[in-house]
Amino acid sequence: MRRAIDFLAPLGLVVIIGSAAWERSGRTLPGKPDFYLIAGGALILAHILLRGDEIAKRVGRRQMRYGANTAVLVLVVVAILGAVNYLVSRHTKRWDLTKNQRYSLSDQTKKVLGGLKEDVKVTYFQRAQESSAGKDRMQEYQAASSRVKVEFVDPIASPTKAIAYEVRGPWPIVVIERGGKREKVSNDSEQDVTNALIKVTRAAKKTVCFVEGQGERDIDDGADAGFSAVKSALGKSQYETKKVLLAREPSVPAECTAMVVAGPQHDLLPSEIDALRRFAKSGGKVLVMAEPELKTATPNLDALVKEWNVELGKDIVVDVSPASQIFGTGPLTPIAASYPFHEITKDFRVMTAFHTARSAEAGKGTVEGVTTQSIVQTAPASWAETDLTLKEPIEMNEGKDRKGPISLGAVATIKASPAPSPSPASPAPGSSPAPSPSPAEEPPSPPEGRVAVFGDSDFASNALLGFQGNQDFFLNTVAWLAQDPDLISIRPKEPEDQRMFLTRQQQQNVLIVALLLIPGAFVVMGIAAWWKRRG
């Protein structure tokens, strides 16, 4: 009997190791693998319990007691770790500590995913052995919305799938589908994937039209003062752009979702003003970016925005706050970081830079059917300079200049005028009167007009659009005008190149520190410790 007990522990080890080796060889044993692990452990435990007295005599009672205490502590630690692992697996939480949160989805992506009303299929083509942060990003998309279904495909292992989607390397390639729409993206960056997602989920294309003819900014101009970067940014948000010579158009073209008047150098003609007025009143969207009247006055444009209860000041904003000094800009480049609550600036906590701007604020009076609000303000250490000759030194004059904070932009909603309904014709003698239309047959109310007015156009120029929040601020304004609430957010940024470039001298210094100084310090400490013990 005692000899049989001695074989229990070795038999348990054979069961555990043998079952594991059998499974790794690709073959399967009857039953679940856990059964063999439990059976082997039970045999080992039975051996210890049945021969406990003899083991205690050989090892010693004291050592057995210490060993038992250690075993109990080990079991407690294992149990705690197991419980923590179970809770973590059920309630996952990630922290992205990288700069610009490069491994987290942006606010815009979360908004787009949260607004999905139909299922979207994402097919991610990438070699299985290739590690890619894009795979983790696709899983983030899937976790953020139950509407997103992601399939990972190895194009080499599944060539028929790649042929069916007509995709070829280099990989990765992302294919996004909704209904009959399909978009291919040749990389897995969040910006491109989200833009493709917007494109396949958008019901209709929207066009942002830019007025030309009075020296406005050109969306095809790649110079610092041009708006080519704006055109590119709008394209990525799936807006089409178009130039409109409004002076020879009887009205705003029907395809224009929003009209942009970007920094005209001359005043608009009365016919252009009338076209914009009618457009806004009938539910259209208008963005006006005026400039200070340093050379030419714009009374027609000023009068138009006044009808929308927005005041354009005859001034230029001067900013001497520390923020402008930090960024190395001059006093005529005000930095704004204060945004009264509005849909455009909700959760907006970044700075925006303007240049040679005039004040633009909600009027103090009221206009029937118009609701106006200021949305961006400069720092208190700024003022609205009324001396447009800008003679040096430029100083704040009490009673003449207006002290900051100064509003640089305002938005307005305009109650659209319903189309006049035709008067009912008089019934013929002897005929019964026509029945009155039921409430269900009443025509829907026209959409509200929306207007945004800024005292500067430089903030959207190629030179300044890349400054901190300028691009998001401009695109949020366009999205608000176009009534695209899911596009009002902080957009994904391109990852920054954070490589460190060292000069030859710096490389030599790193080499000396890593290979000589640090190892030498340990050698010296070792010799010092040896000498101390020797003495």
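Counting from 1, the numbers follow the sequence of the chain as shown. Below, all heavy atoms of this structure are taken into account, side chains as well, without hydrogens, waters or symmetry copies.
- Rounding to the nearest 0.5 Å places CD of Gln468 at 9.0 Å from OG1 of Thr352.
- Listed for the Asp218 side chain is no donor-acceptor partner under 3.5 Å among the backbone atoms of Gly226.
- Ring orientation note: the planes of Phe227 and Phe474 are nearly perpendicular, at an angle over 60° on the 30°/60° scale.
- Residues in residues 334-345 take part in no salt bridge (charged side-chain N to carboxylate O under 4.0 Å, His left out) pair, two or more places apart or across chains.
- A donor atom on one side chain and an acceptor atom on the other are not found under 3.5 Å apart for Gln139 and Tyr124.
- Residues Leu304 and Arg277 meet the side-chain proximity criterion, which asks for heavy atoms closer than 4.5 Å.
- In terms of heavy atoms, Ala196 sits closest to Ile176 at CB-CD1, 3.7 Å.
- Residues Leu113 and Val148 have side chains in contact (heavy-atom distance under 4.5 Å, counting atoms from C-beta outward).
- Between Tyr239 and the choices Thr207, Asp484, Thr257, the side-chain hydrogen bond (donor to acceptor under 3.5 Å, both in side chains) rule is met once, by Asp484.
- Nearest heavy-atom pair, Gln483 versus Lys206, reported as atom, atom and distance to 0.1 Å: O-NZ, 4.0 Å.
- In summary, the side chains of Asn509 and Gln505 do present a donor paired with an acceptor at a separation below 3.5 Å, with no hydrogens or angles considered.
- Counting heavy atoms from C-beta outward, Val350 and Asp472 have side chains that stay 4.5 Å or more apart.
- Between Ser321 and Ala379, the shortest heavy-atom contact is CB-CB, 3.9 Å.
- Smallest separation of non-hydrogen atoms from Gln214 and Glu272: NE2-OE1, 3.4 Å.
- Applying the 6.0 Å contact sphere to CZ of Arg278 captures more than 12 heavy atoms from other residues, nucleotides or ligands.
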Open item on the list: Val122 vs Tyr141, test: side-chain contact (heavy atoms from CB on, under 4.5 Å). Steps then yes/no.
Closed with: CA-CA 9 Å; Val122 179; Tyr141 275 81; over 6 Å; no

TODO: Walk me through it: do Asn195 and Gln191 pass the test side-chain contact (heavy atoms from CB on, under 4.5 Å)?
DONE: CA-CA 6 Å; Asn195 289 338; Gln191 190 175 54; 3.9 Å; yes

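- Scanning for ring-ring contact (aromatic ring centres under 6.0 Å, His included) contacts around Phe467 gives Phe327, with sequence neighbours left out.
- A donor-acceptor contact shorter than 3.5 Å links the side chain of Ser282 to the backbone of Phe279.
- The two residues Leu481 and Ala452 make their nearest non-hydrogen contact at CD2-N, 4.0 Å.
- For NZ of Lys111, the number of neighbouring non-hydrogen atoms (other residues, nucleotides, ligands) closer than 6.0 Å is greater than 12.
- Residues Val84 and Leu81 are not in side-chain contact: their nearest non-hydrogen atoms beyond the backbone lie 4.5 Å or more apart.
- No side-chain heavy atom of Cys209 sits less than 4.5 Å from a side-chain heavy atom of Val252.
- Annotation: side chain of Leu246 is not in contact with side chain of Leu268 (no heavy-atom distance under 4.5 Å).
- Of all non-hydrogen atoms in Val200 and Lys181, the two that sit nearest each other are O-CD, 3.4 Å.
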Open item on the list: I'd like to know whether Thr333 forms a side-chain contact (heavy atoms from CB on, under 4.5 Å) with Asp319, so could you lay out the CA-CA distance, the side-chain angles of the two residues, the decisive distance to 0.1 Å, and finally the verdict.
Closed with: CA-CA 7 Å; Thr333 305; Asp319 185 5; over 6 Å; no

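- With salt bridges taken as basic N to acidic carboxylate O contacts below 4.0 Å, none links Glu216 and Lys243.
- Taking NZ of Lys135 as the reference point, atom CD of Gln126 lies at 5.5 Å (rounded to 0.5 Å).
- Taking the side chain as every heavy atom from C-beta outward, Val376 and Thr345 never approach each other to under 4.5 Å.
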Open item on the list: Checking Ile414 against Val451 for the side-chain contact (heavy atoms from CB on, under 4.5 Å) test, could you report, in this order, the C-alpha distance in whole Å, the side-chain angles of both residues, the deciding distance, and whether it holds?
Closed with: CA-CA 8 Å; Ile414 304 167; Val451 173; 3.6 Å; yes

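- Within a 6.0 Å sphere centred on CD of Glu166, heavy atoms belonging to other residues, nucleotides or ligands number 12 at most.
- With respect to the salt-bridge test (charged N to carboxylate O, under 4.0 angstrom), the residues Asp458 and Arg217 qualify.
- Residues Asp220 and Lys231 meet the side-chain proximity criterion, which asks for heavy atoms closer than 4.5 Å.
- Every residue two or more places apart in sequence or in another chain that forms a salt bridge (Lys or Arg N to Asp or Glu O under 4.0 Å) with Asp119 is listed here: Arg147.
- Checked for salt-bridge contact, Glu151 and Lys121 meet the test: a charged N lies under 4.0 Å from a carboxylate O.
- Around the NZ atom of Lys346, the shell of radius 6.0 Å holds no more than 12 heavy atoms that belong to other residues, nucleotides or ligands.
- Ser145 contributes atom OG, which lies 11.0 Å from atom CG of Leu105 (distance to the nearest 0.5 angstrom).
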- [ ] Please step through ring-ring contact (aromatic ring centres under 6.0 Å, His included) for the pair Phe354 and Phe454, ending with a clear verdict.
- [x] CA-CA 10 Å; Phe354 299 78; Phe454 296 104; 7.0 Å; no

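- For Phe152, the CZ atom counts as densely surrounded, since its 6.0 Å shell holds more than 12 non-hydrogen atoms of other residues, nucleotides or ligands.
- Ring geometry for Phe348 versus Phe473: interplanar angle of 30 to 60°, hence tilted.
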